Structure formats: structure tokens, C-alpha cells
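Down below is the structure, laid out as C-alpha cells.
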Amino acid sequence: MNKPEKKTTRRDFLFTTSYTVGAVGLGAVIWPLIDQMNPDKAQKALATTEVDISQIEPGKSITVLWRGKPVFLKRRTQEEILEARSVSLEELPHPEKDEERVKNGKDEWLVMLGVCTHLGCVPLSNKGDYKGWFCPCHGSHYDLSGRIRKGPAPKNMEIPKYEFVDANTIKIG
Amino acid sequence: MSEQEYVPKSKAGKWFNDRLPLLSLASHLTDYPTPKNLNYWWTFGGILTFCLLTQIITGIVLAMHYVAHADLAFASVEHIMRDVNYGWLIRYIHSNGASMFFLAVYIHIFRSLFYGSYKSPREIIWIIGLMIYLLMMAAAFMGYVLPWGQMSFWGATVITNLFSAIPLIGDSITTWLWGAYSVDNPTLTRFFSLHYLIPFLILGLVVLHIWALHVPGNNNPVGIDIKKPSKDTVPFHPYITIKDAFALLLFMIIFAGFVFFAPNVLGHSDNYIQANPMVTPAHIVPEWYLLPFYAILRSVPDKLGGVILMFGAIFILFVLPWLDTSKVRSAVFRPIYRQFFWILVIDVLVLGYVGAMPAEGIYLVLARVGTIYYFLHFIVVLPVVGYLEKTEPVPLSISDPVLSGSADYSMAKKDNEKI
């Protein structure tokens, strides 16, 4: 006759294994459907851009497109560099030294993504309370090192991976 | 809901109905007993169905001519406007139709808030309605991206960047949504695909919304249950269909007014400039129907906090049936709640106004006050007023205030005049 206590039966084993195999199979089918939305090979192939910087005067900047995003290349004057370095780190919402945001010995070149870290608009140069950049969308102010000083953006503008191929060429990516 | 057994008169009809009871369903829908005191605020369900069908039909036609590609989309929209026969008409109906759809849905939602239509036993109707509203916002947002103008592009950039506020996985989610490292061609093509899908999901939810409605039946202006169906109700057809049709005609006059005389007044001129990833327009604003939420987003000086409050403003509506503690449904008999209802209406309108203004100075102050009040209304005012308020006596039945000369009559009459 039936015993009152619950015993694991062959049927329980079959249920558990069926559910497990079913769940793994379902996951294996769903993953390709989700991952197809990630950047494809054609998008990834656009990962580097080379820029000629020989025509940029001190105090001027250019904007190039890299991975669909604008990159600011600014050749800063000595005064601008000094001003960016005179700020104490306690004043910064996202503390980073100016030295950490440029290549050693190439202090005049600031290369960063021209994308506001709030919601992705392109900030306007030479605007705002800190002489750097100002984002018109929601009012974030950046300084001469591209660091956030005031407004809703949480972080400094991002420095992409880049290198100097020679004196006049920068490779971004 | 009274379920009399329906038997088709013709032999062929009976044969078919025994196999698939479509005729029984049609009979249920035409004879559906409806409270006889429904006012014109109850006609927006029918108007919304009309809006959905309009968007689906014009959308299918537009998709025959539109090209979902970053290089071709903008030109293909101009091609629709200039070359396609009646293309300008169809596109203007579709773009203004979105605004009319939201106008109707906001009236429909505030109708529910005033008459307590979200309360027991209609919580599921309310929640399905909110799901439809969320899908409407998703569809409207993605549809606005398709012309690939400056507002399309930067609106898409700002909205997709909201997800980057999520800690740790935010950036991966944003990249996944884009299919690129910024809003780009892969973003456009997937938005087109989903924009085509969502209206049919909404259509499915509309069927569930009406199904759930037909279980307890309609709420009504006095907010009490039907006591005697024979006295308190009229059949849906022809009484409600004719009333809905009249209201729909008035609505279509306003709709046609926009389409023919001011087709771009609700849009933004920057969207007639092709998308440029290098330049953000000086002043980006979402479409008018999203402005109150945009104001809430911008009122918070913290990125994640703003995003949480913005989504919270919508999701708090899902628990509304449990936040409102009052047993009386209709605000007609709730003298205190009635005033808070109108304050909420003004609050949302103010938020919408400041959402269109720059986020600085007095506008920022107003946005913050408006945001705080919005949440106070749901979290504090509703539960507390429900307990403390002394409600006015509700009539004994729906017929009571309409037919008898009792004291309740004057109240019902006053309500009708206000409407």
C-alpha cells in the first residue's frame, strides 16, 4: 500500500530531467535571437580611424566621426593646460587629473569622445561656465580637460583608446 | 453580464454557430447591457479603437513606400510627401493620428481617475490599459525615429541613453539596443521592425481589455454596481453605438482640422533636417505627449535618480487600485478627492509645460515642485484621503438619481452639468 511519506519516484526524476533539458534547449534557441541585436561584424570593422592633425592651430579643435560618434581633438594652449591643471581634485564630481586624460609629453592634445555622459548629446565647444564645453540638452558644463563640473552628467567625457602613429597622425580605436 | 442562450434564426447560421460561435459573440457584443447613465467621457474607448485602426491602416500603406535605411529614410519620407499619390495625406493622418491617439488616451485615463474605474473589481482592466499605454509610448517613440531627421536621431540618442544609467550593465544594454556604438543604421532597421509589430500587440491587449471589461461590465458616473439589469442598463447597440458614433464624429472634426490646416503644429521643424551625428539641435524636446515625464526626468540633478523617477511616475499607476483606500468609486460623491483630482490635472499640465521649456531658473523650480506633488498625490494623498474623507451619500441604484425626485437627483444633475 501507499506509504504516507513522500518518496522520490522514477517519474519525479523524469520530470526534473525533462524540465532541465527543456530549459537549456530554450535558452540555446533564445540566445541567438537576443545576440543578433549586438553590433555585427560590419560595425566592429569600423573600429579604427586615422586623423591628420598637422593643420590644427593651438587653441583650435576638430571633430571627427569614430564608430558613429564624434571625437573632439583639441590642441590646447599653454594657458588652457595650466588652467585645467590648477583645479583641485576636491572640486570635481568625477575626480581625474588632467595628466591622466592626455598622453605623457603630448599635453596639448586632448582627444575625447564628444558625447555628453548624461544622455549622449554633443556638447558645444568654448561654451559654459568653465570655458570648455556645454551640453545644450540638459545643461552640463565641462572644463578644459573635458571634466564634468556642473549639471546632471555623472562622469567626465570619455577618453577613447588612441595613439600617435607619428607626429602628425593620431589613430583612434 | 447576462448570458442568455443565443440561437441563430437561419439554419446555415445555426450550423456555423454550433461549430464556431462567432454569431454568439456578435450577439453578446450588440446586446451587452450598458449602464444607461454613461456620459460622453465614456465614448473615448470607441474613439481609441478608431485611432488604433487608423494608425494600423495608414501605417501599412506608408510601409509600402518608406525605406528603412539611414541613407534613404529621410529622402523616402520626402518621396512620400511629394511623389506618392495622396502620400502627404496618409503621412499627415499617421503623424497627427499619433497625437490624437494620445489626446484620447489621456482623457480616457483621467476619466478612470475621476470616476474610480480602476477600483475593484476592475483592477485588471486598468493594468491592461496601462500596458497598452506603455506600448503606445514605445510605438510613438520608435515611429518618430523613422523619418531620420535631427529630432528623430537625437530623441533616439537621449531615450536609449536612459538605459545607460543602469549600474554595471547599462552600457552593454545601450549598445545592444543600438546594434552599433551609437544610434545608427542597425538602430533604424530594428525600430522599423518593432514599430510595425507593436500595434498588433496593442490590438491583442485591446481584446483582453474589452474581455476583462465585459466580466464586471462598465463602471458609470455614479460608480455603483448595476442592481436590476432591466432598469439600469440599455443594450450596447443601438444606444451606445450611436452615442459613440456622434462623439467620434466630433473627434474626427478636430482630427481633420489638424491634418488639413495645421499638420506640423505639433511637430518640430528640426525634424525636416536630415539626421547629423555631429551636431545636436540647440533645444531638443520630445513630442508633447511625453513632456510631463521628460520634465520629471530633468527635474532630478542625478542621472540614475531622474531615470528612476521618470519610470516610477508611470509604474506607480500600476498599484493605484491599492493606493486608493476609498470604498466609494466616483469622485461625484467624494468632495475632497474631487479637488485633489483637479490639482493633479493641473500638476500634469504644468509638468508638460515646463517639459517643453529649458531646464533652468523658474522652470526647474516648477518641475521640481510638480514632480514632488505628482508622487505625493499617489503615495500620500490617495491613501490618507480615502480614510479621512466623509463621502456624500451614493444613490441606491443607477436609475434612482435619474428617475426619482430624491435628494440624490440634484447631485447627479449637478454632475451632468459639469460634464
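Reminder, nothing fancy here: chain letters follow the sequence lines and each chain counts from 1. Just so it is clear, the structure is predicted and the values come from calculations on it, not from any experiment.
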Within-4.5 Å side-chain heavy-atom neighbours: [X] and [Y]:
X	Y	answer
Asp35(A)	Trp176(B)	no
His138(A)	Val158(B)	yes
Leu65(A)	Met278(B)	yes

Part of residues 300-317 of chain B lying next to chain A, heavy-atom separation under 4.5 Å: Pro301(B), Lys303(B)
Residue pair Gly120(A) / Thr157(B): nearest heavy atoms and the distance that separates them: O-CG2, 3.3 Å
Heavy-atom pair with the smallest gap, counting every atom of Ala180(B) and Pro39(A): N-CG, 3.7 Å
Partners meeting side-chain hydrogen bond (donor to acceptor under 3.5 Å, both in side chains) with Gln150(B) (sequence neighbours left out): Trp154(B)
Crowding at CE, Met37(A) (>12 non-hydrogen neighbours, <6.0 Å): yes
Region of Phe163(B) in contact with chain A, defined by heavy-atom distances below 4.5 Å: neither
Straight-line distance of [X] [atom1] to [Y] [atom2], nearest 0.5 Å:
X	Y	atom1	atom2	answer
Thr160(B)	Leu119(A)	OG1	CG	9.0 Å
Gln36(A)	Arg190(B)	CD	CZ	6.5 Å
Leu113(A)	Ser182(B)	CG	OG	10.5 Å

Result of checking Arg67(A), Lys69(A), Gln43(A) against Asp184(B) for side-chain contact (heavy atoms from CB on, under 4.5 Å): Gln43(A)
Check: Thr280(B) side chain, Cys121(A) main-chain N or O, donor-acceptor pair, under 3.5 Å: no
